[in-house]
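Order of listing sets the numbers, starting from 1, for every ligand and every atom in it.
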Amino acid sequence: MSIVLEKIKFLLDKIKEQKSCDISYDSYIIRMENSRVFVLLELSYPVNNELIYKIKSNLKSRILSSINCNHLEILIDINFNIPTHIPCGDIKPISGVKNIITVSSGKGGVGKSTLSVNIALSLSNLGANVGILDADIYGPSIPIMLGIFDKPVILENGNIAPLVGHGLQANSIGFMFDYNSPAIWRGPIMSKFIEQLVNKTEWHNLDYLIIDMPPGTGDVAITMASKVPIVGSIVVTTPQDVSLIDVRRCLSMLKKLNITVLGIIENMSFHICSKCNHKEYIFGLDGGHRLAKQNDMPLLGKVPIDYRISKQSDVGLPIVAHDPYGDIAKYYLDIALNVSISLASLPKKSSVRFPKIMLKKI
Ligand SMILES: Nc1ncnc2c1ncn2[C@@H]1O[C@H](COP(=O)(O)OP(=O)(O)OP(=O)(O)O)[C@@H](O)[C@H]1O
C-alpha cells in the first residue's frame, strides 16, 4: 500500500479516536485510484447539508496538509444511519422507536419543555425522524407549543395515533384529559397511565423519541425510569444555585436508577441586549459548567434568555420552527448535535448496514 494511503489512514484513525465535535465518525472506508483518494465516512448521528459540507472541507484540508502533496484529488462522501442503542436496564424496546431520550430537571420552570421541543425540532432539521412525548403531569405544555389542539385518534387495535406538529410525531398527557381535573393527576395510576402512553402510541419509524419528564424526583420519574427503555437522559438547569441543588438531587436519582446521563444543558445562561449587544449573566456565571465538571459529564450547551423563545412557544410556533437559520436556533442545533454525538458513543444494539458507496467530488 502506498505511503500516502498509510498516512491518510493514520490521520483518519487519529481523528476517529479523538471524537471531536468538528469531525466525529464511527468508521471509514478508503481507497485510492491513481491520483484520486476516495473516503467514505460512516456516521451514526444526523447531519444536515451545511454540516456535511463543513466536515468534508475540514477533513479535506487536514488530509492535504498531512500528506503535503497537492496533486492528489480527495473525494469524500458521508453517510449517516442512526442505530438503535441498548437501553439502560433490561427493558423491552418500543415498537417504532429506536432511541428514547428523557429530558429531566430538578425543579419546575427551568425551561425543560421549551428545550425538549426545540431540541426535537433541531434533530429533525438535522435529518432524523423525531417524536416527542409530553409526560409532564404538572403542566403539559407541548400541545400549546406545537400548536396542536386536536384529540388523538384511537385506532382499531386500541393504540393511539400520534398527532403531528411541525414535523414531529407527538403525544401528550394534555391531549387526553381536561387539564382542570386534578384528581387523576396523582400517584401510581398516573405512572401507569404514562407508561401506557409511551407504549400504546403508534410511533412510526422514529430515530429519537424525546420525553419531556415531570420536574423533580417524584413517582412518575422513578416509574418511567424502571419501565421505559431509556437510552439516555439530558438534565436541564439554570445557572442559579437553588436550581443547582435540585439538579444534583435529580442527577443522583438518575444514577441510582442506572440511567445514562448524556450531559447537562444550561438554560437562561445569559442575556444579550437587543439594543447594545451587552451580554449579562442574570442568573450567575457558569453554574452548569461547574456542575458538569464536578459530575464528570459534558455540558451539552447553553441557551440565552431571550423573549423570542417564550413568545414563539406561546403562539405554537417554536423558535427553531419559526426561524431555523436564526441566531437562537443555532444554540439549539449545537445542543442537538452534541446530544446525538453523545448518544452515538453508547453501545449499539446491532451493527448498522450502510448503503452502497457513492463518492462525489467536493
Ligand atoms: N431560554 C429562554 N428564554 C426565554 N424564556 C424561556 C427560555 N426557556 C424557557 N423560557 C420560558 O420560561 C417558561 C418556563 O419554561 P418551560 O415551560 O419550558 O419550563 P419547564 O421547566 O418545562 O416548566 P414546568 O416544570 O413548569 O413544566 C416559559 O414561559 C418559557 O417560554
Atoms of ligand 1 under 4.0 Å from any heavy atom of Ile309, numbered from 1 in the order shown, are 1 (N), 2 (C), 3 (N), 7 (C)
Shared hydrophobic cluster for Ile154 and Leu133 (ILVMFWY, side-chain gaps under 4.5 Å) | yes
Contact region, Thr114 to ligand 1, non-hydrogen atoms below 4.0 Å, reads both
Decide yes or no on salt bridge (charged side-chain N to carboxylate O under 4.0 Å, His left out) for Lys302 and Asp286, but give the supporting numbers first.
-> CA-CA 10 Å; Lys302 298 179 176 192; Asp286 275 345; 2.8 Å; yes
Which protein heavy atom lies closest to atom 11 (C) of ligand 1, and at what distance to 0.1 Å?
-> Ser310 CB, 4.1 Å
Using distance alone, decide if ligand 1 has a nitrogen or oxygen within less than 3.5 Å of any nitrogen or oxygen in Ser105.
-> no
Taking N or O atoms only and a 3.5 Å limit, does Gly111 qualify as a polar contact for ligand 1?
-> yes
Which residue from Gly106, Ser113, Pro318 reaches closest to atom 22 (O) of ligand 1 through any of its heavy atoms?
-> Ser113
Kindly compute the distance separating CG (Leu244) from CZ (Arg249), expressed to the nearest 0.5 Å.
-> 12.0 Å
Establish whether Ile86 and Leu209 are linked, either directly or via other cluster members, by ILVMFWY side-chain heavy-atom contacts under 4.5 Å.
-> no
Within one Ile-Leu-Val-Met-Phe-Trp-Tyr cluster: Leu146 and Val164, side-chain cutoff 4.5 Å | no
Quick one: do Lys16 and Asp13 satisfy salt bridge (charged side-chain N to carboxylate O under 4.0 Å, His left out)? Show the steps, please.
-> CA-CA 5 Å; Lys16 182 171 170 262; Asp13 287 337; over 6 Å; no
Hey, is Asp314 touching ligand 1 through its side chain, its backbone, both or neither, going by heavy atoms under 4.0 Å?
-> neither
N or O contact, Lys112 vs ligand 1, cut-off under 3.5 Å = yes
Heteroatom distance test (Met145, ligand 1): nitrogen or oxygen, under 3.5 angstrom = no
Do Ile94 and Val220 share a hydrophobic cluster, counting only Ile, Leu, Val, Met, Phe, Trp and Tyr and linking them when any side-chain heavy atoms are less than 4.5 Å apart?
-> yes
Please determine if Ser313 has a nitrogen or oxygen closer than 3.5 Å to a nitrogen or oxygen of ligand 1.
-> no
Verify whether one side chain among Asn267 and Thr238 offers a donor that lies under 3.5 Å from an acceptor in the other.
-> no
Could you list which atoms of ligand 1 come closer than 4.0 Å to a heavy atom of Gly108?
-> 25 (O)
N/O to N/O below 3.5 Å, does that happen between Asp212 and ligand 1?
-> no
Taking a hydrophobic cluster as the set of Ile, Leu, Val, Met, Phe, Trp and Tyr residues connected by side-chain heavy atoms closer than 4.5 Å, whether directly or through intermediates, do Ile265 and Met268 fall within one such cluster?
-> no
When you check the side-chain N and O atoms of Asn79 and Glu42, is any donor under 3.5 Å from an acceptor?
-> no
So is there a nitrogen or oxygen of Gly109 less than 3.5 Å from a nitrogen or oxygen in ligand 1?
-> yes
State whether the shortest distance between N or O atoms of Pro304 and N or O atoms of ligand 1 falls below 3.5 angstrom.
-> yes
For atom 3 (N) of ligand 1, the closest protein heavy atom turns out to be Asp306 N, 3.0 Å
Ignoring hydrogens and geometry, is there a side-chain-to-backbone donor-acceptor pair from His322 to Ser313 under 3.5 Å?
-> no
Which of the listed options, Met268, Lys107, Lys302, holds the heavy atom that is closest to atom 10 (N) of ligand 1?
-> Met268
For residues Asn129 and Gln169, is any side-chain donor paired with an opposing acceptor at under 3.5 Å?
-> no
What is the closest protein heavy atom to atom 8 (N) of ligand 1, and at what distance does it sit?
-> Asn267 ND2, 3.0 Å
Minimum non-hydrogen distance to atom 27 (O) of ligand 1, winning option of Ile142, Asp136, Val117 | Asp136
Any protein heavy atom under 4.0 Å from atom 30 (C) of ligand 1?
-> yes
